[in-house]
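The basis for the numbers below is simple: all heavy atoms, side chains too, and nothing from hydrogens, waters or symmetry mates. Because the structure is predicted, anything quoted here is derived from the model rather than measured. So you know, we letter chains A, B, ... as the sequences are listed, proteins then strands, and number each from 1.
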Amino acid sequence: MIQEILKNHIANAFKSVYQIDVDSQSIALENTKPDFEGDYTFVVFAYLKISKKNPEQTANDIGTYLVENAREIQSFNVIKGFLNIVVSEVYWLDFLQSNYQNTCYGLGAKTNQKILVEYSSPNTNKPLHLGHVRNNLLGFSVAEILKANGHEVYTCNLVNDRGIHICKSMLAWIQQGNGETPASSGMKGDHLVGKYYVAFDKTYKEEVKALMAEGKSEEYAEKNAPSILAAQQLLQKWEAGDEETVGIWRTMNGWVYEGFDVTYKKLGVKFDKFYYESNTYLLGKEIVQEGLEKGAFYKKEDGSVWIDLTADGLDHKLLLRGDGTSVYITQDIGTAELKYEDFACERSIYVVGNEQDYHFKVLQLICKKLYKSYAEGIYHLSYGMVELPHGKMKSREGTVVDADDLIDGMLQTAEETTKALGKTYFLLKVDPKKKMMFNPEESIDFQGNTGPFIQYTHARIKSILRNASSIDFENVNSSKISLHKAEKELIFLAFQYAEVIKDAGREMSPGVICNYVYEVAKSFSSFYHECPILKESNEEQKKLRLQICNMTAYIIKSGFALLGIQVPERM
RNA sequence: GGUCUCAUAGCUCAGUUGGAUAGAGCACCGGUUUUCUAAACCGUAGGUCGCAGGUUCGAAUCCUGCUGGGACUACCA
């Protein structure tokens with residue numbers, strides 16, 4: 001890497017000019033701002049104590065040494081305390097020559113690090129919506145990015161298939177369903193079950209209202225409405241293994257899985273393993289017992305089990321209800337154990353919304369207090385909520401953007417496919433940590449920083465390469481060309497792909513890839529307008545430009561693959 | 001009440017371990033096509049980086065306080 005070479009030269013310069021040892025790894029280089037001449041910039045302010053000279057003089061001293069002693073360096077210029085270094089053209093031409101047909105440029109070497117990425121993790125009581133779509137696309141992409149960093153990556157999906165919320169839709173179906181099925185209603189399974197979840201909520205709200213009209217307090221009404229009591233009873237029957245209850249549960253979940261399957265296919269996501277909360281909560285209960293014996297948890301008089309996290313700045317947290325049934329975190333404790341038994345990964349990533357920040361802090365603390373070896377490796381990839389121009393998504397107000405509606409038409413016409421993939425890009429380009437605004441109209445734009453613009457750029461390049469199929473551009477005689485500014489910029493950008501993959505992996509942010517690939521596409525468009533390619537009369541220059549085309553196309557294709565987006569050969 | 005998080009152009013977003021004159025896209029206005037795909041390119045305009053202090057050669061970035069949004073904190077998941 002040229003940066004490492006430059007850092008070593010700079011360290012040598014300090015030694016030679018000022019007789020001071022500077023650790024080359026401590027030297028920071030940044031990319032030179034476009035307004036100035038140069039590739040990399042070394043800021044000398046921090047080193048004035050060593051040089052005992054003013055900034056300009058220091059920068060000049062170092063620059064002079066570099067030009068005299070480093071053949072990779074062509075020239076330098078100094079502005080205030082900024083030493084701008086120009087790397088020789090030959091270096092960039094060599095880089096292009098040796099990488100323009102490298103179909104794995106930028107991908108990291110094998111690290112032997114194993115990473116498990118959990119994402120999607122739906123509830124089986126309603127269909128997927130826009131928020132889930134962000135989750136799925138993020139999870140898939142982050143897994144791909146980590147693979148590109150050389151890690152051994154597995155993906156899993158933890159299905160929340162049990163609990164009080166599931167019992168709610170079951171109850172409504174038992175009471176009001178008249179045996180309705182996806183086949184009899186013609187509804188997609190997950191949507192059908194979702195319908196009964198909404199129906200439950202409606203009945204429940206009415207009951208609460210009625211109780212309050214009788215003069216009961218809101219709190220009393222919410223806890224004693226017949227529907228919620230019946231749902232709780234259903235949950236106890238389920239945990240007790242009541243045959244009829246379990247049968248209905250199995251049937252309804254089956255409908256949901258069939259529905260999810262269709263949606264996952266459309267989204268293009270896959271999982272190495274599915275976990276089901278119904279299988280893991282018992283293990284969670286066991287571990288809670290284990291914690292009680294170890295004294296990490298305590299039991300209240302009513303039989304409920306808690307952990308005291310006040311010493312860590314948090315609160316007391318419930319781990320097991322008084323009636324013995326488990327809560328959300330109970331099964332997560334079990335799942336964490338199971339994941340480690342199955343995969344033994346050093347890192348276990350949970351792609352889950354930031355509304356659960358507290359939950360994961362607690363989960364990790366619990367694992368630490370149980371001295372679990374995997375506690376340190378737990379990482380919550382917390383992403384922001386998706387908002388709509390009209391405000392929040394609220395299922396009861398019908399403002400939810402359904403996942404199936406959003407990606408509909410994905411496999412129909414080419415134009416619709418482009419639009420659907422454009423939405424993927426739209427959802428991935430924002431930093432995961434931040435909440436994002438989803439504007440349905442902007443999501444299908446095709447100008448500027450959009451998926452279609454980048455796909456179009458790729459198709460254009462491919463068109464040129466098809467037209468050049470009879471030209472052999474394997475070897476360029478670099479003595480017969482001079483680099484155009486636009487050519488230089490593209491080569492420099494291509495060079496950075498390797499660093500970008502590292503950045504994206506470290507930040508676990510597909511947005512880093514999006515912004516970079518957009519930068520590349522934009523830069524190519526400029527180059528395309530400024531530099532004739534097939535019409536270039538200088539044969540060597542033409543070959544060089546074709547190499548640039550080839551490498552740029554690779555980067556767009558490879559970068560988009562990390563996002564889960566295909567690029568077309570023609571448009 | 002407690003914890004966390006966010007605030008950058010009219011809108012949506014970038015901005016690396018603190019570095020030069022804070023950048024893109026959309027929208028607006030103007031220009032470019034007998035020429036490799038115009039879903040393109042070039043240009044104009046648009047800013048108290050929420051407010052006030054502090055740290056330092058230097059702060060959108062780090063620290064403190066304030067204002068304003070959001071989330072979590074339930075025997076919901």
Side-chain angles (χ1 to χ4, degrees), chain A residues 26 28 30-36 41 43-46 48 55 79-82 84 121 123 125 160 162-166 168 223 228 232 277 300 302-306 310 313-315 317-323 325-329 331-332 353-359 361-362 382 384-385 387 389 392 418 426 429-431 433-439 441-443 445-450 452-457 459-468 499 503 506-507 511-512 514-515 518-519 521-522 524-536 545 549 570-571:
Chain A
S26 72
E30 42 196 283
N31 293 353
T32 303
K33 295 259 151 79
D35 300 344
F36 303 92
T41 296
V43 186
V44 302
F45 292 113
L48 301 182
I79 295 163
K80 292 192 270 182
F82 298 87
N84 298 321
S121 304
N123 292 331
N125 62 342
N160 289 283
R162 46 133 267 132
I164 188 75
H165 57 300
I166 309 295
K168 287 177 182 175
K223 283 188 174 164
I228 194 72
Q232 280 163 1
E277 185 183 324
K300 279 193 182 173
D302 62 4
S304 57
V305 178
W306 298 73
T310 49
L314 302 178
D315 224 325
K317 180 81 184 175
L318 176 85
L319 302 178
L320 218 52
R321 290 194 187 97
D323 64 6
T325 56
S326 61
V327 290
Y328 183 49
I329 201 154
Q331 60 81 24
D332 249 336
N354 64 11
E355 57 196 349
Q356 295 192 34
D357 285 355
Y358 186 85
H359 173 80
K361 223 176 261 180
V362 171
S382 164
M385 297 290 104
E387 291 173 9
K392 284 217 167 62
T418 301
F426 190 88
K429 72 179 172 186
V430 179
D431 182 342
K433 292 193 286 291
K434 298 190 177 175
K435 65 181 178 196
M436 71 170 297
M437 178 63 64
F438 184 84
N439 185 326
E441 287 149 31
E442 281 177 26
S443 74
D445 274 355
F446 46 81
Q447 287 169 352
N449 190 354
T450 65
F453 165 66
I454 296 167
Q455 290 175 318
Y456 172 72
T457 306
R460 259 177 153 183
I461 301 173
K462 284 296 181 176
S463 170
I464 295 166
L465 290 171
R466 275 193 300 274
N467 291 337
E499 298 158 48
D503 284 352
R506 196 182 52 245
E507 310 268 332
V512 170
C514 289
N515 289 326
Y518 172 57
E519 203 61 39
K522 208 166 47 151
F524 182 85
S525 285
S526 274
F527 160 77
Y528 179 87
H529 280 266
E530 281 178 49
C531 302
I533 299 164
L534 298 172
K535 306 207 160 153
E536 170 61 41
R545 288 176 182 171
C549 285
R570 327 170 180 256
M571 276 174 88

Between [M] and [N] - [atom1] atom distance, rounded Å:
N	M	atom1	result
G2(B)	A74(B)	C1'	14 Å
A45(B)	G70(B)	P	37 Å
U33(B)	G69(B)	C1'	48 Å
A27(B)	A40(B)	P	10 Å
A14(B)	A9(B)	P	13 Å
G54(B)	C13(B)	P	33 Å
U12(B)	A22(B)	P	23 Å
U44(B)	C4(B)	P	46 Å

Phosphate oxygens OP1/OP2 of [N]: is one of them under 4.0 Å from a side-chain N or O of [X]?
X	N	result
S525(A)	A40(B)	no
R506(A)	U16(B)	no
Q447(A)	A40(B)	yes
Y328(A)	A77(B)	no
R321(A)	C76(B)	yes

Taking ring pair (Phe, Tyr, Trp, His ring centres under 6.0 Å) as the test, write out the residues that go with [X], two or more places apart.
X	answer
F45(A)	F82(A)
H165(A)	none
F426(A)	F438(A)
Y528(A)	none

Rounded to the nearest 0.5 Å, what separation is found between the [atom1] atom of [X] and the [atom2] atom of [Y]?
X	Y	atom1	atom2	answer
E442(A)	M437(A)	CD	CE	9.5 Å
E277(A)	I166(A)	CD	CD1	8.0 Å
K435(A)	E387(A)	NZ	CD	5.0 Å
I329(A)	L318(A)	CD1	CG	9.5 Å
Y328(A)	Q356(A)	OH	CD	4.0 Å
K434(A)	N354(A)	NZ	CG	13.0 Å

When we call it a touch if two heavy atoms are under 4.0 Å apart, what does [X] touch: a base, just sugar-phosphate, or nothing?
X	value
A468(A)	nothing
Y528(A)	base
P55(A)	nothing
L534(A)	base
G163(A)	nothing
C531(A)	base

Only counting residues at least two apart or in another chain, list the ones meeting salt bridge (charged side-chain N to carboxylate O under 4.0 Å, His left out) with [X].
X	answer
E536(A)	R545(A)
K300(A)	none
D503(A)	R506(A)
K433(A)	D431(A)

Restricting both atoms to N or O, compile the protein contacts to nucleotides 18-22 of chain B shorter than 3.5 Å, with distance only.
residue: A20(B); atom: OP2; partner: K33(A); partner atom: NZ; Å: 2.6
residue: A20(B); atom: N6; partner: T41(A); partner atom: OG1; Å: 2.9
residue: A20(B); atom: N6; partner: N84(A); partner atom: OD1; Å: 2.9
residue: A20(B); atom: N1; partner: N84(A); partner atom: OD1; Å: 3.2
residue: A20(B); atom: N1; partner: N84(A); partner atom: ND2; Å: 3.3

Euclidean distance, atom [atom1] of residue [X] to atom [atom2] of [N] [Å, nearest integer]:
X	N	atom1	atom2	answer
L48(A)	C57(B)	CG	C1'	8 Å
F524(A)	A40(B)	CZ	C1'	11 Å
M571(A)	A40(B)	CE	C1'	12 Å
R460(A)	U37(B)	CZ	P	8 Å
I464(A)	U37(B)	CD1	P	7 Å
D332(A)	A77(B)	CG	C1'	10 Å
F446(A)	A38(B)	CZ	C1'	11 Å

Check your understanding: For the residue pair F527(A) and F524(A), is the inter-centroid distance of their aromatic rings smaller than 6.0 Å?
Key -> yes

K429(A) side chain to N449(A) backbone, donor-acceptor under 3.5 Å:
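Answer holds: yes.
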
Nearest-neighbour nucleotide for the [X] side chain, [options] considered:
X	options	value
E355(A)	A39(B), U37(B), A71(B)	A71(B)
A28(A)	U37(B), C36(B), U17(B)	U17(B)
I533(A)	C36(B), A39(B), U3(B)	C36(B)
R466(A)	U37(B), A77(B), G25(B)	U37(B)

Mapping Q356(A) and K361(A) onto RNA chain B by nearest heavy atom, which one lands closer to the 5' end?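 Nearest-nucleotide comparison on RNA chain B picks K361(A).
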
Assign each of D323(A) and D445(A) the nucleotide of RNA chain B bearing its closest heavy atom; nearer the 5' end lies the nucleotide of D445(A)

Give each protein N/O atom lying under 3.5 Å from an N/O atom of nucleotides 5-13 of chain B, with the pair distance.
residue: C13(B); atom: OP1; partner: M437(A); partner atom: N; Å: 2.7

Encoded 5' to 3' (Watson-Crick or G-U under 3.5 Å; [ ] crossing; | other strand), RNA chain B becomes (((((((..((((.....[...))))..((((.......))))......(((((..]....))))))))))))....

What does the list of N/O pairs under 3.5 Å between the protein and nucleotides 42-47 of chain B look like, with a distance for each?
residue: C42(B); atom: OP1; partner: S526(A); partner atom: OG; Å: 2.7

Any chance the side chains of T450(A) and D445(A) put a donor and an acceptor closer than 3.5 Å?
no

